[in-house]
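Shown next, in structure tokens, is the structure this report addresses.
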Protein chains: 2
Amino acid sequence: MTDAGENSQNQSTPTINDVAAMAGVSKKTVSRFINNSPLMSAATREKVSDAIDKLGYVPNPQARALALRRNFMIALLHDNPNGQTVLNFQKGVLSAIRDTDLALAVRPVDRTSDDLLDDIETFLTKQRPLGVLILPPISERDEIVDLCKRLDVAYIRVGSTVLDEHSRCVASNDRAIVQEMVAALIKQGHSRIGFVRGPDGFRSPLERENGFLDALGEAGLQPDPGLMVKGNYRFQSGLTAGFELLKRTDRPSAIFASNDEMASGILHAAHALGIAVPDELAIVGFDDTATASHVWPPLTTVHWPIEEMGRLAAMKLVPEFLGEGVAKLDLEQVIVPSHIVERASARLS
Amino acid sequence: MTDAGENSQNQSTPTINDVAAMAGVSKKTVSRFINNSPLMSAATREKVSDAIDKLGYVPNPQARALALRRNFMIALLHDNPNGQTVLNFQKGVLSAIRDTDLALAVRPVDRTSDDLLDDIETFLTKQRPLGVLILPPISERDEIVDLCKRLDVAYIRVGSTVLDEHSRCVASNDRAIVQEMVAALIKQGHSRIGFVRGPDGFRSPLERENGFLDALGEAGLQPDPGLMVKGNYRFQSGLTAGFELLKRTDRPSAIFASNDEMASGILHAAHALGIAVPDELAIVGFDDTATASHVWPPLTTVHWPIEEMGRLAAMKLVPEFLGEGVAKLDLEQVIVPSHIVERASARLS
DNA sequence: TTGTAGGCGTTATCAG
DNA sequence: CTGATAACGCCTACAA
């Protein structure tokens, strides 16, 4: 006797049984409606729809999760690189899934840990998210992607360059935009341009460096190894690099820092040495985080579209959950273009 | 016939049935073990424990969620105030739940929306988190807390002052620390001190303002209304306030800004007007976000222990999930003390 | 202290 | 196109 529907109707929230009873159909039919099955007559569809509206029925995600062996959640896997970056990416993701039933879980990991893969595996098998978004730099690690494939968890890799097949990744065009930025500096008359690198072993520092070299090459300038110094994306390394570059007798007239945090460090060094920015030294950065507009003078920088990348990545990961508003074409996009933001630390025009 | 255990044992992940079969007990007994029931003989406990280890069994959170009507997840409810703040809080929460099975879901809301409560209710009924952590400023809204109570979702309110009974909140001591900071400025000889307020309608700006007034009062100084200007916690408002204060003929010799972002704005204003910091003007902020140490000169500020607050809030929300490492005493703590960080924008000693 | 029966709300199978 | 029946994996009665 299926009288379960009867008693649960009064006090607790309505279940699929209540809907089925009211619509005079079976549970499975209601289930079909929920899952947009094409195998339904318009009439039945209508009946079910009415009952759902009348009851204010909402499918229980936990029950679906159990039956489907999959949680209604997407996860953000990252290695806590730049705080702002993660946050802006989150904003993008959340804007994409705002009107869905999906939750966003945040999962920081430690890329230097030996247990990295175990950690991720435990997380994925326990939480069983619909899919994961992997931020750089760990998005470059193929073992993680292999793990996702083995566990049958969808993924999107995010990076400074195309890291996977188009349907599985989102990327920015770091190399091209850096080339553009440096070319703009050259056009302003700078011929001795310093470069502060990001940390070794990752993709984005390489892309940005190549963009820098591209620009020099195109202008027929020889890169001066003495003007290219190491950094690690942190403020302190920018400070050190700044002093190193600016204490040279043949110091550069412009410096490209591979991110804003290091650019701020260089700015500090310039202030400390009494070098006027931008009159005696042009400084440009990369990222366009909050810091870029809060320092003095505000940084001319590359706007890295990390929030838009978050939106796109989420849409590509779970297009079936998005409303009709999403055009199919959008989802084939891979590259989200960056653009240059001119502020006071370097004149470009 | 309970042969379900037999066939699921070989390929898929082990279930409670497999454990029960191997240990020679019933499902319920295994369930008791999982839930730390005291009603078990040591012998049985051992048998079950062995079987679990041998099988590498992990309880399925989705199934538990369905049965318990509760997801193994805690949610972070916030209204996107300062990005850095949210992120640092997240870090704290994640450090607390690192070794648990819990996931952290992030849920930004719009406090100005009419649907605020509906949004939250939908989220809570759908996701059914174990509990929610509510960040300021929405942590001040009693309707939200009432909603949590009605839906039987545990919560912790986070704020700049004690907002709820001790077991349900975590707070910083903004008023006291601001008083301390301003007293330190006074001790340095400043008697005309500007104050830049935060936005109206929230608690933290009020607390900070009261701390400011406390310090003046204690020193026997009269607050000058002309030196107390409005802001809204954003950079731009700090810039405006800075110009307003610094263009006065009787301009202050020190300014307290209610957060770092506004303090950065004031710094810009000072630079633009050619006023030397800290020699002609001392500037202090509040928060100690990344910006504080990236601007020039670096900001003397109050370190707001938002990450520690995140840790504590998470521990108070779900103490039963934490390892033995957590002393009961810690969980009775409510106030996480702030402290002053002296940098170059103001000398305090 | 342990076990049995039934339920949590949904989806899959497979017959009609 | 639709529906009975059996999962999904765990937990709560209640009984022994």
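Residue numbers start from 1 in every chain, and the chains themselves are labelled A, B, ... in the order their sequence lines are given, proteins ahead of strands.
- Looking at B:L135, B:T85, B:V336 one by one, the single match for side-chain contact (heavy atoms from CB on, under 4.5 Å) with B:M309 turns out to be B:V336.
- Comparing A:L66 and B:R45 along DNA chain C, the residue whose closest nucleotide (by nearest heavy atom) sits nearer the 5' end is B:R45.
- For the pair A:Q62 CD and C:dG9 P, the interatomic distance rounds to 10 Å; values are reported in whole Å.
- For B:D164, the side-chain hydrogen bond (donor to acceptor under 3.5 Å, both in side chains) partners at least two apart in sequence or on another chain are B:Y155, B:R157.
- Atom CZ of B:R45 has more than 12 heavy atoms from other residues, nucleotides or ligands within 6.0 Å.
- No side-chain heavy atom of B:I34 sits under 4.5 Å from any side-chain heavy atom of B:V48.
- Summarising the geometry, the separation between CZ on B:R69 and C1' on D:dC11 is reported as 10 Å, rounded to the nearest angstrom.
- The line from NZ of B:K126 to CG of A:N60 is 11.0 Å long, rounded to the nearest 0.5 Å.
- Put simply, the side chain of A:S49 does not reach to within 4.5 Å of the side chain of A:E46, judged on heavy atoms.
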Nucleotide by nucleotide, 5' to 3', does protein get under 4.0 Å of the base (B), only the sugar-phosphate (S), or neither (-) in nucleotides 10-16 of chain C, counting heavy atoms?
BBB----
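- A straight line from CG of A:L55 to C1' of C:dG9 spans 14 Å, rounded to a whole angstrom.
- Between the side chains of B:Q333 and B:E308, not a single donor N or O lies within less than 3.5 Å of an accepting N or O.
- Rounded to whole angstrom, the span from the CZ atom of A:R128 across to the P atom of D:dC8 amounts to 13 Å.
- In terms of phosphate contacts, B:T44 brings no side-chain nitrogen or oxygen within less than 4.0 Å of OP1 or OP2 of C:dT1.
- Contacts between residues 47-54 of chain A and DNA chain C, defined by a heavy-atom separation under 4.0 Å, are absent.
- At a threshold of 4.5 Å between non-hydrogen side-chain atoms, the residues B:Q127 and B:R107 do not count as touching.
- Rounded to whole Å, atom P of D:dC10 lies 11 Å from atom CZ of B:F72.
- Taking only side-chain nitrogens and oxygens, A:T29 comes nearer than 4.0 Å to OP1 or OP2 of D:dG3.
- Remark: A:L77 CG to A:L133 CG distance equals 9.0 Å, nearest 0.5 Å.
- Distance NZ (A:K126) to P (D:dG9): 16 Å, rounded to an integer number of Å.
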